[in-house]
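Quick notes on the structure that follows.
Naming convention: chains lettered A, B, ... in sequence-line order (proteins, then strands); numbering from 1 in each chain.
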Amino acid sequence: MTHTLGRPDFDIISAWIEPGHRVLDLGCGDGTLLKHLIDTRGVHGVGVDVDDANILAAIKNGINVLQGNLEKGLDEFTDQSFDHVVLSRTLQTVRHTEGILREMLRVGREAVVSFPNFAYWKNLRSVLDGRMPVSEDLPYQWYDSPNVRFFTLLDFEALCAQMGLIIRERHVLDEGGNMVDKDDERELNFLGSLAVYRLTRSR
Amino acid sequence: MPGQSVGVVTSHRAHFDQPLHLRSGSVLPAYDLVYETYGTLNAAKSNAILVCHALSGHHHVAGHYADAPDNIGWWDNIVGPGRPLDTDRYFIVGLNNLGGCHGSTGPSSINPATGKRWGADFPIVAVSDWVEAQARLADLLGIDAWAAVIGGSLGGMQALRWTISQPERVRNAIVIASAPKLTAQNIAFNDVARQAILTDPDFHGGHYYEHNTRPTRGLRLARMLGHITYLSDDQMGEKFGRELRNGSFSFDYDVEFEVESYLRYQGDKFAGYFDANTYLLMTKALDYFDPARLDGGDLTKAMARSKPNTGFLIASFTTDWRFSPARSKEIVAALLANNRNVSYAEIDLNFGHDSFLMDDAHYHGVVDAYLRNIKL
């Protein structure tokens with residue numbers, strides 16, 4: 001399966017965003033997703049990233065980007081100033097998990113979160129074989145990984161329930177970026193390498 | 001740094017007869033501005049960039065003079081063919097602000113009303129007055145709207161002020177190592193500097209020109225103090241540490257530590273060419289700057305006056321404690337609250353406030369990338 005931006009979660013996220021929406025992309029990298037959304041959907045986009053090279057690349061891409069550390073919150077943004085706040089493949093690198101989720105839904109109407117699923121069967125097999133998993137969605141060696149939180153689909157959903165966050169939509173993908181569709185939650189947790197969620201506050 | 005210097009440049013002088021009504025209530029009936037330009041204004045007149053100077057800067061931004069090859073512009077490293085302020089693409093304008101001491105009308109100029117130097121009678125000018133004067137220079141040069149106005153420190157305040165005072169005439173503002181207003185600590189540093197000058201016996205109430213003297217002791221102290229606050233603790237430590245000039249303590253009050261030698265040298269050099277009245281005036285312009293003042297201190301409200309499609313690049317430096325990153329972020333937050341197009345870079349450089357003048361690949365890369373995306 002081919003994906004527009006080489007990232008299957010980007011296709012899913014793009015489909016959720018309507019033309020003209022205001023989108024905040026946390027950990028925006030070089031701004032690829034935002035640029036795509038601006039070009040194809042005419043969104044007003046803002047990115048945040050901590051890394052010098054990403055700031056430079058995003059400015060080169062013509063993206064509004066702010067250098068900042070997500071661990072320190074989103075103080076510079078006012079309440080409900082975005083339609084969507086996106087955190088793609090970044091939640092596992094953030095130490096203050098609850099803090100960032102709370103901030104995302106303070107600043108935005110809807111949070112869009114994608115992350116690698118640690119319970120994916122190949123990851124589990126790797127651990128059973130005695131080695132930490134390295135895969136398409138967990139592409140780092142244990143000693144150079146930016147990831148500080150290792151969690152599963154079910155872990156994440158339990159946290160959402162605990163925080164009173166509503167899961168509006170969920171897509172689970174295998175390592176090839178293909179949609180996994182199972183009714184059994186445990187099976188899904190076993191077969192999904194990457195998950196993408198739409199979250200809102202309870203109302 | 002890739003790219004080249006603009007090479008030989010010349011400065012120009014423009015005379016303005018239309019009275020300038022200043023923020024203070026005073027009126028300047030006529031005045032001169034000296035300026036330099038680099039590159040060529042395109043037919044659409046859409047490629048002009050205004051460079052605003054900080055406390056001690058002037059119109060000689062880049063290049064050198066044919067008869068003074070060592071007199072290189074204060075921001076030469078960022079201006080020229082292939083450099084971020086690319087003279088192959090942009091028409092760059094630098095001027096000496098009103099109240100300056102490098103050729104534009106200021107306290108050391110002759111007051112036509114008296115035939116003597118203005119001295120202390122020269123009215124205090126505010127950042128908004130500078131923007132008004134700069135707009136008149138733009139008129140003279142046939143520039144309706146700047147592609148960008150850029151400045152560091154006090155220069156950044158002018159760039160920010162442009163977007164509020166003349167929103168139709170600035171398409172992008174690049175605000176570096178600046179702040180939406182000074183803190184009490186910052187004003188305090190400025191006041192110590194002013195006190196050094198004002199209490200110098202050679203100051204003569206600002207009319208020292210008539211006494212054929214200059215308050216160099218005060219100006220020297222003011223500069224030494226300022227200089228400390230423009231550097232970072234780490235950088236001073238690395239550069240000077242506790243090095244002694246003669247290797248051992250001499251148990252007297254002469255220059256012993258290298259840092260003393262450096263500061264005294266810097267102070268002497270500055271006091272040798274800069275005008276004390278201009279120094280006083282520039283520090284006051286810094287202290288008064290507060291574009292949100294008339295909006296009850298609400299910067300978001302003040303920035304709402306900027307045009308929705310004006311672009312902003314805000315940059316700060318991690319080691320700058322005089323204009324810290326937190327101050328730049330206040331500007332960013334006010335722009336975000338107004339849905340303005342803004343990018344913010346927090347640059348990790350070790351040179352404190354002076355970082356904005358340094359030639360650093362990442363810093364210049366950010367400015368370069370931003371400027372290359374401006375459509376002319």
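Interface check for chain B: of the options A:L56, A:V48, A:V46, the most heavy-atom pairs under 4.5 Å are formed by A:L56. Of all the listed residues (B:D348, B:V366, B:V342), the one sharing the greatest number of non-hydrogen pairs under 4.5 Å with chain A is B:V342.
Annotation: side-chain hydrogen bond (donor to acceptor under 3.5 Å, both in side chains) contacts of A:Q67 (sequence neighbours excluded): A:D52. Take A:Y140 and apply the ring-ring contact (aromatic ring centres under 6.0 Å, His included) test, not counting sequence neighbours, and it matches no residue. For A:D174, the side-chain contact (heavy atoms from CB on, under 4.5 Å) partners two or more places apart in sequence, or in a different chain, are A:N178, A:V180.
Residue-level contacts of residues 308-332 of chain B with chain A, in order of numbering, are B:L313, B:V332; threshold 4.5 Å between heavy atoms.
Only the side chain of A:I55 comes within contact range of chain B, with at least one heavy atom under 4.5 Å from a heavy atom of that chain.
If you take CG on B:N339 and NE2 on A:H44, they are separated by 5.5 Å, rounding to the nearest 0.5 Å.
Around atom CD of A:E136, no more than 12 heavy atoms belonging to other residues, nucleotides or ligands sit under 6.0 Å away. The local environment of CG in B:N42 is crowded, with over 12 non-hydrogen atoms from other residues, nucleotides or ligands closer than 6.0 Å. Atom CZ of A:R131 is surrounded by 12 or fewer heavy atoms from other residues, nucleotides or ligands within 6.0 Å. Crowding of A:D129 atom CG: a count of heavy atoms from other residues, nucleotides or ligands under 6.0 Å exceeding 12.
The shortest non-hydrogen separation linking A:I63 to B:S343 is O-OG, 3.3 Å. Counting all heavy atoms, side chain and backbone alike, A:E76 lies closest to B:L336 at O-CD1, 3.6 Å.
When only modelled atom types and interatomic distance are considered, A:N64 and B:R340 share no side-chain donor-acceptor pair under 3.5 Å.
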